[in-house]
Each structure stands twice: as structure tokens, then as C-alpha cells.
2 protein chains.
Amino acid sequence: MEENKELDERKLMILKAVIDDYIQSFEPVGSRTIARKYDMGLSSATIRNEMADLEEMGYLSSPHTSSGRVPSTKGYRTYVNHMLEPAAENPALAAEIVGRLEDKMTEYSKLIKACTEIVSDMTHYIAIGSTHGRDSVNVKAIQIVPVDETSVLTVVVADANTVKSKLVSIPEPLEPERVIELSGIVNRSFSGKPAEMISLMTVNRVADESGISRNTVLPITDGIFECIKQCETDEFFTEGAAKLLKSPEFDNIDKARSFIDMIQDKETIEKIVNASGDSESGLTVSIGTENSGEGLSDYSVVTAKFEVGGSCIGSVSVVGPTRMDYSKVISSLEYMKQMLEKKAREDGGRSIPELTVKTEDNEGGGGAS
Amino acid sequence: MEENKELDERKLMILKAVIDDYIQSFEPVGSRTIARKYDMGLSSATIRNEMADLEEMGYLSSPHTSSGRVPSTKGYRTYVNHMLEPAAENPALAAEIVGRLEDKMTEYSKLIKACTEIVSDMTHYIAIGSTHGRDSVNVKAIQIVPVDETSVLTVVVADANTVKSKLVSIPEPLEPERVIELSGIVNRSFSGKPAEMISLMTVNRVADESGISRNTVLPITDGIFECIKQCETDEFFTEGAAKLLKSPEFDNIDKARSFIDMIQDKETIEKIVNASGDSESGLTVSIGTENSGEGLSDYSVVTAKFEVGGSCIGSVSVVGPTRMDYSKVISSLEYMKQMLEKKAREDGGRSIPELTVKTEDNEGGGGAS
DNA sequence: GTTAGCACTCGAAAAGGTTGAGTGCTAACA
DNA sequence: TGTTAGCACTCAACCTTTTCGAGTGCTAAC
């Protein structure tokens with residue numbers, strides 16, 4: 001945050017102009033271009049001198065002797081930290097987003113998937129969403145639904161509004177009444193309990209109460225466990241992979257190939273998603289070589305974590321070329337985050353009760369905006 | 001099917017050699033290459049003459065005067081219809097597939113998604129799966145699960161083992177007992193009925209029986225209807241889009257771009273999926289210009305429809321370059337189809353009862369293999 | 001009917017030439 | 001002391017030319 005002590009007003013201005021131009025044109029930027037396009041009352045020669053200084057300080061670099069300059073990671077970092085203009089308000093867009101989220105609000109995983117799609121559409125980059133792996137999942141309801149003589153549906157509803165179901169076959173017919181009875185026993189015993197307290201053994205014991213044969217109960221309890229496991233598992237959504245090819249950086253198909261390979265790798269995704277960090281706005285921006293470890297050194301990742309009532313419900317990351325349009329990406333994610341958290345707070349009393357209980361108020365817009 | 005009357009044994013042999021070589025190398029094939037690689041006791045000159053004949057007959061064409069030959073659509077068609085060798089059995093692969101399908105068998109949409117993934121993995125091409133839009137959906141069970149005071153989960157299980165659920169908020173608290181009571185009424189009245197007999201009005205009327213306020217019942221019935229609608233809607237799964245870039249035909253990124261654009265277009269997908277036709281094996285192969293209408297004239301599509309108990313439960317299509325490895329693609333899809341239908345028939349008595357009722361036997365492997 | 005031989009074609013790759021945007025440096029200027 | 005004009009230099013991009021070789025068609029001999 002201190003790196004701009006050495007940069008005077010003019011250097012900052014020129015750096016910003018170079019980066020803006022480069023983001024837009026994806027061509028190395030020359031001093032004459034800046035002198036012509038950005039009216040700063042300076043000749044190309046002066047700008048040339050300043051750019052030489054900026055290069056020496058590490059904010060810019062040139063691909064080869066006689067070409068224009070390209071921002072370095074350090075340059076981008078300064079740009080992101082100090083020069084981003086807040087995006088213009090866009091009520092139409094806001095309305096559209098609200099609309100697209102409207103009927104998704106009830107279930108978090110659908111909600112985050114929808115957010116991921118929206119963000120990808122807004123930014124034209126790849127977006128990766130994930131539901132956050134909560135340390136402990138509370139089971140809100142377990143239900144066993146009779147489907148026909150030889151199959152039942154196990155349904156588990158957990159907090160964070162996660163619903164998982166599994167259709168299981170049972171070896172011998174079971175009357176619907178017995179199923180409902182069993183469902184009642186299981187449900188009464190476990191709803192409200194944290195998942196780790198529900199072991200296979202306890203489920204079995206409870207099931208035994210119903211007097212149904214072990215052979216029949218086993219697949220059902222297995223089904224319930226499968227559902228709980230799925231509730232605890234993080235989900236990932238990658239959206240907009242096709243848009244990628246539209247970026248001019250992928251003129252060469254090999255780059256596209258290697259990027260696609262990388263982005264499909266599960267470990268890489270996890271690293272991207274889990275990149276922590278908390279700037280004032282709640283976004284994490286990781287630029288170029290800053291995330292070299294992941295093989296992502298030519299790319300930048302901007303991550304927004306969504307927090308409701310103090311706990312993280314998931315995140316959306318945008319992955320794009322280092323010269324991505326940070327302004328657009330950051331404002332889109334900020335916007336999304338704000339809107340989602342506000343909406344969740346408003347709906348809190350209804351669809352996400354167990355989370356808002358923890359916040360002091362859920363009427364005003366008071367939380368950690 | 002009659003086009004090979006004019007082709008003698010030797011021409012067929014040469015045609016096959018050219019296509020095999022082209023599929024493998026993706027380079028126009030010259031007469032000398034054939035003479036060298038495929039030991040047919042003929043000199044390049046003879047082969048050259050034959051190839052000239054084949055070109056005149058429309059089975060081959062040459063990109064320019066002094067290059068090798070490339071198969072035409074007619075050539076591929078002959079190849080596909082008459083020259084495909086059955087794939088070697090591969091027990092390890094078979095076991096892997098069975099394993100990957102194992103716990104997916106209960107729900108058709110998951111099953112088809114899994115099949116699509118597997119086929120794409122096996123062939124290295126893009127695969128598109130779809131659940132077949134049944135004309136009428138039968139509802140097997142409807143359940144309303146109390147989640148907490150202000151939200152309930154509506155669950156609809158339809159035939160073809162489709163499960164849809166939706167979490168809905170209700171405006172005023174409702175005790176779990178009342179919810180279960182309501183669930184019982186709705187379920188008893190509608191399970192086993194075809195979906196079109198369940199109108200919003202009838203649901204409402206039934207709900208009124210419970211004596212719960214209309215305000216509260218409405219979002220719940222809406223939820224049920226949403227679920228039914230989803231059961232009736234076809235789903236599409238596109239898998240392996242990234243693999244595409246590995247094909248040498250996408251040396252030029254613009255081709256990749258336009259293909260991706262095309263493959264994302266919903267209408268194109270529907271055309272691909274709905275391409276009908278029934279060869280003896282139950283697969284449809286549409287080659288190059290044969291599907292010119294769809295803008296797919298440089299690609300081929302192989303579609304397998306999965307039929308269980310006489311009705312179609314969905315399909316998987318492989319979309320790839322015209323010079324795709326037909327042998328591999330066709331055998332993979334045939335294999336998948338066989339396995340899936342056999343498995344469905346075996347499991348029939350348990351997880352897919354209403355479909356197997358219609359078949360005469362479900363013990364032997366007797367059906368339309 | 002098959003094959004060897006040969007002239008010819010034409011794309012792909014290599015080699016050479018030109019252009020122009022961009023740089024660094026120096027010297028003049030305010 | 002900071003700014004600017006001028007100039008020599010660099011180097012990727014682009015165009016043109018040349019070379020190369022795989023492939024063809026045709027003819028004549030087997």
C-alpha cells in the first residue's frame with residue numbers, strides 16, 4: 001500500500017493511462033499513443049521519459065526494446081488499489097439481476113449458481129462459484145417419502161437451505177403407512193441436530209424402533225447418509241468457459257488449451273476459490289504473478305465471499321487474463337455481493353431464519369455492508 | 001445402401017484405407033502413403049488410378065490439384081454403413097462404466113448425465129445428453145415436508161424416476177403436524193395421476209380441505225406446480241466441451257469459436273438431439289453435409305436413444321468433426337446403450353417398475369437388444 | 001491390367017526485404 | 001531544472017520471393 005510514495009501525481013496519471021489503454025487495446029502502449037489520446041498537455045518525449053522511469057521502478061515492462069510498454073503485476077496492483085473508479089449505477093441491470101435471483105432465493109446452492117452465471121454474463125469472463133464448506137451442518141428435517149411399493153425417497157434439508165434427496169430401492173415391499181411412521185421417528189429424532197451427531201449407528205437404532213426389518217432399513221439409512229454427505233460437500237459451478245475464447249489473448253489455441261486444462265483441474269479450482277484475504281470491500285484480488293504457485297501467473301482472480309449473518313455461505317470468483325477489466329469485474333462482484341447479502345438479510349426472517357437469529361437487527365440495513 | 005454396387009472389392013479396400021488413414025492423421029492421403037502403409041501388393045500408380053476413379057464417383061475429393069485425397073460425405077457414409085469393424089471387447093472398461101453408473105441408477109436425469117460424461121470421456125468428443133420429453137408425466141408421489149416454522153419443502157416424484165423439490169416460504173407459521181396432514185391429503189389425492197389431470201384449481205380445492213388459510217396454501221401449491229413443470233421439461237447436458245480444443249481441426253481458433261457458439265445454441269442442440277432415424281443398431285449417424293441445415297455441415301453427429309420397456313427415456317449424442325473416429329464413437333454408444341438398457345431391465349422390477357410392466361419378460365436378455 | 005518414369009502443380013516453409021511504431025539519447029529551449 | 005524537438009537505432013510484423021517436396025496425371029513399357 002506504500003508503493004506509491006515514490007510516484008508523483010503525473011507518474012500515477014501516466015500509469016493509469018497506460019493501463020487503461022492496455023486493458024482496452026491489448027497492445028503494448030507507446031508514449032505517442034498516450035500523448036495523443038489522453039490530453040495531458042505533455043509531449044510524447046516527456047511521457048517517454050516518465051515511462052522509462054516507471055519501467056525502472058517496476059510498474060511497467062517492455063516486451064522488447066522497440067515496443068510499447070505493458071503493465072507489470074506491480075503496476076496492476078497499484079492500479080487496483082488506488083485508481084479504480086467506482087462504477088456508474090445501473091438501475092436496469094440491477095433490476096435484471098434481482099429478477100434473475102428472485103425465485104432462486106430459497107436454496108443457497110441454486111442461488112450461488114445463479115450468481116455465478118450472472119457474474120459471468122456481466123463480465124464476459126469465466127466465473128467459478130462455490131458453496132462454502134461449512135464446518136458443521138445442521139439437519140433441519142429428514143423425511144422419507146413412499147414412492148411405490150419398492151422404492152422410497154429420502155430427503156434431507158440442512159441449514160443454509162440445502163436440500164438433497166435420493167431415491168432408494170428397498171428389497172421388500174413396505175406399506176406407505178409404515179414408511180411415514182419410520183419417517184416420523186427419524187425426523188423427530190434428528191431434526192435440529194448437527195450432522196456429526198447423527199452417526200449411522202444412531203440412525204439404525206432409531207430405525208429399529210419402527211420394527212421394520214434391518215434389510216429394508218439399511219438402504220434407507222444409507223440414502224439418508226448419502227444426502228447428509230452431499231450437504232456437507234462443497235459444490236463448484238464453472239460458468240462461461242466458452243466466453244473465454246472470445247478474449248484476444250487466446251489468439252493462439254495452445255494458450256486456450258492449457259488454460260482450459262488448468263481451469264478444469266479440481267485442485268486449481270479449490271485454490272482459486274479458497275484464496276483468502278479481506279480488503280475493505282470484502283473482495284480479494286490476486287493478480288498475475290501473485291498467484292504464481294497455481295500456474296495462474298498469467299491470469300488474475302477476483303473473489304467475492306458472500307457472508308450472511310457472520311458466516312460465509314459461498315463465493316464467486318472471476319478468472320480472467322491479467323489485463324482484465326478490473327473496474328468492471330470488481331464493481332460487478334461488489335454489486336452482486338451487496339445485493340445478495342442485502343436480499344438475504346431482508347428475507348432473513350423468512351427463508352434463512354437460523355442465520356439471521358445471530359444478527360442483532362434484521363430490519364434496517366445495519367449489518368456489515 | 002446401394003451405392004457400393006459400383007465399387008469392387010479393391011476400390012472398397014482402398015477407400016477404407018484412405019478413410020482410416022485420414023481419420024488418424026487428418027492429412028490428405030496420397031497414393032504412395034497407402035501403397036507403403038497398407039500392404040495390398042499394389043503400386044502407388046495403380047492405387048492412384050483407383051483413387052482417381054473413387055474421386056470421380058464422389059467418394060473422395062482433393063483439396064487442390066497436387067494434394068492427397070480427403071473422404072467426402074458419401075465416402076464416410078459408405079464407410080459407416082459397410083466397413084466398420086466391431087470394437088474389441090474391453091472388460092475393464094465395462095467394469096468401470098458399470099461402476100460409474102452404479103449409484104446413479106435410481107434417477108433418470110442423473111443417470112443420463114452420467115452416461116453423457118462417460119461417453120464424452122470414452123470418445124474424447126463433446127457429448128450431449130437429453131432426457132426425453134415424455135408426452136405425459138405420471139405423478140407417483142407428492143410430499144410436503146415441514147422444514148421450519150416458515151418454510152416447507154415440496155417434493156414431487158414422477159415416473160421415469162424423476163424427483164424435483166422446491167423450498168418455499170410461507171407467510172405465517174404452520175405447525176409440522178398441519179403440514180403433514182396437508183401433505184397426506186395432497187398425496188393421497190394425486191399420486192398415480194397423470195400430471196395434466198392435476199390443475200392448480202384441483203390442488204387448491206384439495207388444500208382447502210385441510211382448513212389452512214389460502215394465503216399459506218398458495219405458495220405451497222405453486223411450489224408443487226413448479227416441480228411438476230420441471231418434471232415435464234427436458235433437460236440437456238453438454239459434457240466435454242473443453243476436450244474439443246484438443247482436436248487438430250481446431251488449429252484455427254475461429255473455428256473453435258464458431259463451433260462453441262453453435263453448440264451452445266439451444267435450437268441447434270434440440271435439432272441434434274431430436275435427429276431421428278433408426279438403423280439396425282438403434283443409432284443414428286448424420287455425417288457432414290447430411291446435416292447441412294443446422295450449420296453443422298463440417299461435423300458429424302451420432303445419436304443413441306435409450307429405450308426401456310418400449311418408451312424412450314432419453315438420448316446421448318456425440319458431436320465431432322466429420323473425420324471423427326466413427327468406429328470408436330459408434331461402439332461406445334452402442335455399448336452404453338446396451339449396458340444401460342440391460343441394467344434398466346434387470347433393475348426393472350425394483351426401481352423402474354411402471355415401465356417394465358409393459359415388457360413381456362424381464363429375466364432373460366430377451367428384449368430389443 | 002499393372003507399373004515405372006516424368007513433367008507438372010501447388011501449398012508450406014524458409015529466406016530476404018521493407019515498413020513503421022516505438023525507443024533512448026542528445027541538444028536546444030523556457 | 002524540467003520540457004521538447006530531432007535523430008539514429010531496433011525489432012516485430014508483413015510482404016514477396018525462393019525453394020522444396022509430396023502428390024498428381026499421363027504415357028509408354030511390361
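Chain naming here is simple, since letters A, B, ... match the order of the sequence lines and numbering starts at 1 in each.
- Note on B/Thr33: only backbone sugar-phosphate atoms sit closer than 4.0 angstrom, heavy atoms only; bases stay farther off.
- Taking atom NE2 of A/His64 as the reference point, atom P of C/dG22 lies 10 Å away to the nearest angstrom.
- Across all strands shown, D/dA28 forms a Watson-Crick or G-U wobble pair with C/dT3, both key distances being under 3.5 Å.
- For A/Ser43, the side-chain atoms get nearest to D/dA5 when compared with the rest of C/dT9, D/dA5, D/dC11.
- We find that CZ of A/Arg32 is positioned 13 Å from C1' of D/dA5, with the value rounded to whole Å.
- Nucleic acid contact for B/Ser31: sugar-phosphate only, since backbone atoms but no base atoms lie under 4.0 Å from a heavy atom of the residue.
- Remark: P of C/dT23 and CD1 of A/Ile47 are 10 Å apart, rounded to the nearest angstrom.
- B/Arg36 has its CZ atom 10 Å from the C1' atom of D/dA22, to the nearest Å.
- In terms of modelled atom types and a separation under 3.5 Å, the side chain of B/Thr268 and the main chain of B/Gln264 share no donor-acceptor contact.
- No engagement by A/Ser44 is indicated, since no non-hydrogen atom pair under 4.0 Å with the nucleic acid exists.
- In this structure, the CG atom of B/Asn49 is 9 Å from the C1' atom of D/dG25, given to the nearest Å.
- No donor-acceptor pair under 3.5 Å is formed between the side chain of A/Thr46 and the backbone N or O of A/Leu42.
- Rounded to an integer number of Å, the gap from CD1 of A/Ile34 to P of D/dT4 is 15 Å.
- Atom-to-atom, CG of B/Asp53 to P of D/dT24 comes out at 13 Å; the value is rounded to the nearest Å.
- By the 30° and 60° cut-offs, the orientation of the rings of B/Tyr79 relative to B/Tyr326 is perpendicular.
- A close approach under 4.0 Å does occur between a side-chain nitrogen or oxygen of A/Arg10 and OP1 or OP2 of D/dT3.
- Pairing for D/dA13 goes to C/dT18, judged as Watson-Crick or G-U wobble with the two contacts each under 3.5 Å.
- At a threshold of 4.0 angstrom between heavy atoms, the contacts of B/Thr46 include nucleobase atoms, whether or not backbone atoms are also involved.
- Atoms CG (B/Asp21) and C1' (D/dA22) sit 14 Å apart, rounded to a whole Å.
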Would you please test B/Ser327 and B/Glu85 for side-chain contact (heavy atoms from CB on, under 4.5 Å) and show each step? CA-CA 7 Å; B/Ser327 169; B/Glu85 293 145 18; 5.5 Å; no
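- Closest approach to the B/Arg48 side chain among D/dA12, C/dC10, D/dG25 is made by D/dG25 (side chain taken as heavy atoms from C-beta onward).
- For the residue pair B/Tyr38 / B/Asp21, a side-chain donor-acceptor distance below 3.5 Å is found, with atom types taken as modelled.
- Between B/Leu42 and B/Thr65, the residue anchored nearer the 5' end of DNA chain C, judged by the nucleotide with its closest heavy atom, is B/Leu42.
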